[in-house]
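Data first, discussion second: the structure below is written as structure tokens.
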Amino acid sequence: MQNYIVANWKSNKNLEEVELWWEEFIQLTIPHLDDLQDEVIIAPPYPGLMMLAQALETQSPKLSQHISLAVQDLSPYPAGSYTGAVCGRNLEKLGVKYALVGHSERRRYFHETHQDVANKVAQAVRNGITPIVCFDETYLRAQAEVIEFEYLEKCVVAYEPLTAIGTGHNVQVDEVAAAVAEAKEEFGQVPVLYGGSVKPDNVESYLEVVDGVLVGGASLNPDTFSQLVYRA
Ligand code: PGA
């Protein structure tokens, strides 16, 4: 089964570091190209998008069949007078396939509400981008309730328990399985990912119960991330 392996770099890396990461990751990837089953999704900070989009275009078509780009956030508004916001239209021609929306860090530091997240979902779908909606169990239902019904099944969702993000405190697999069931009740038969201290040594256990993983810290180093992608 194809899984989604998402690298969320958050606000890390300048352009030089993006280039170095990519070069090393590609070197590690080429020998495994024929075994690559999963969809690898890279979510760099906005400035890195252009470089990665161009790099993908110049690589073998097989590689771009398996590696996609995501943004870490998306404006809740369409194109227009919204200073500082990056909307779906701004991303055209960059090959952005996914948008993380409602990451807990956005909710916490930028005070995003469930309604903001719902508006981002709408903007993503209307612009042909698949939203990856992040949730914790405590607000899963409240979040799903404000997303327009017709868009629910167009989402990928990511269970991101607050206690596990960036802490090294892993959530038990059975707890993740329970959250997957709840997410499917609210959103329908959508892919459900898990995020929170995913590492090469625990990724397999999560992939038994989810359709993919959202990886922060362990995605920053290309070697560690490739161990997660090419689970021998
Ligand atoms: P982490 O971050 O892998 O560093 O815990 C996950 C996330 O925030 O999506």
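Fair warning: this is a prediction, and the values are worked out from it, not measured in the lab. Remember, it's 1-based here, ligands and their atoms both numbered in the order they're listed.
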**Item:** Pairs involving residues 121-153, ordered by first then second residue, that meet ring pair (Phe, Tyr, Trp, His ring centres under 6.0 Å) (sequence neighbours left out)
**Value:** His114-Tyr139, Phe135-Tyr159
**Message:** Would you call the rings of Trp21 and Phe25 parallel, tilted or perpendicular, taking 30° and 60° as the class edges?
**Reply:** parallel
**Message:** Clusters formed by hydrophobic residues whose side-chain heavy atoms approach within less than 4.5 Å: which one holds Ile165, and what are its other members?
**Reply:** none
**Prompt:** Going through the distances and angles, do Glu112 and Arg107 end up as a salt bridge (charged side-chain N to carboxylate O under 4.0 Å, His left out)?
**Reply:** CA-CA 4 Å; Glu112 279 183 16; Arg107 296 176 194 262; over 6 Å; no
**Asked** Would Asp201 and Arg231 count as a salt bridge (charged side-chain N to carboxylate O under 4.0 Å, His left out) if you check the C-alpha gap in whole Å, the side-chain angles of each, and the deciding distance to 0.1 Å?
**Response** CA-CA 9 Å; Asp201 61 2; Arg231 307 170 300 279; over 6 Å; no
**Message:** Which protein residues come within less than 4.0 angstrom of ligand 1, counting heavy atoms only?
**Reply:** Asn8, Lys10, His103, Glu160, Ala164, Ile165, Gly166, Gly196, Ser197, Leu214, Val215, Gly216, Gly217
Kindly list each side-chain donor-acceptor pair under 3.5 angstrom involving residues 173-183, sequence neighbours excluded, with atom names and distances?
none

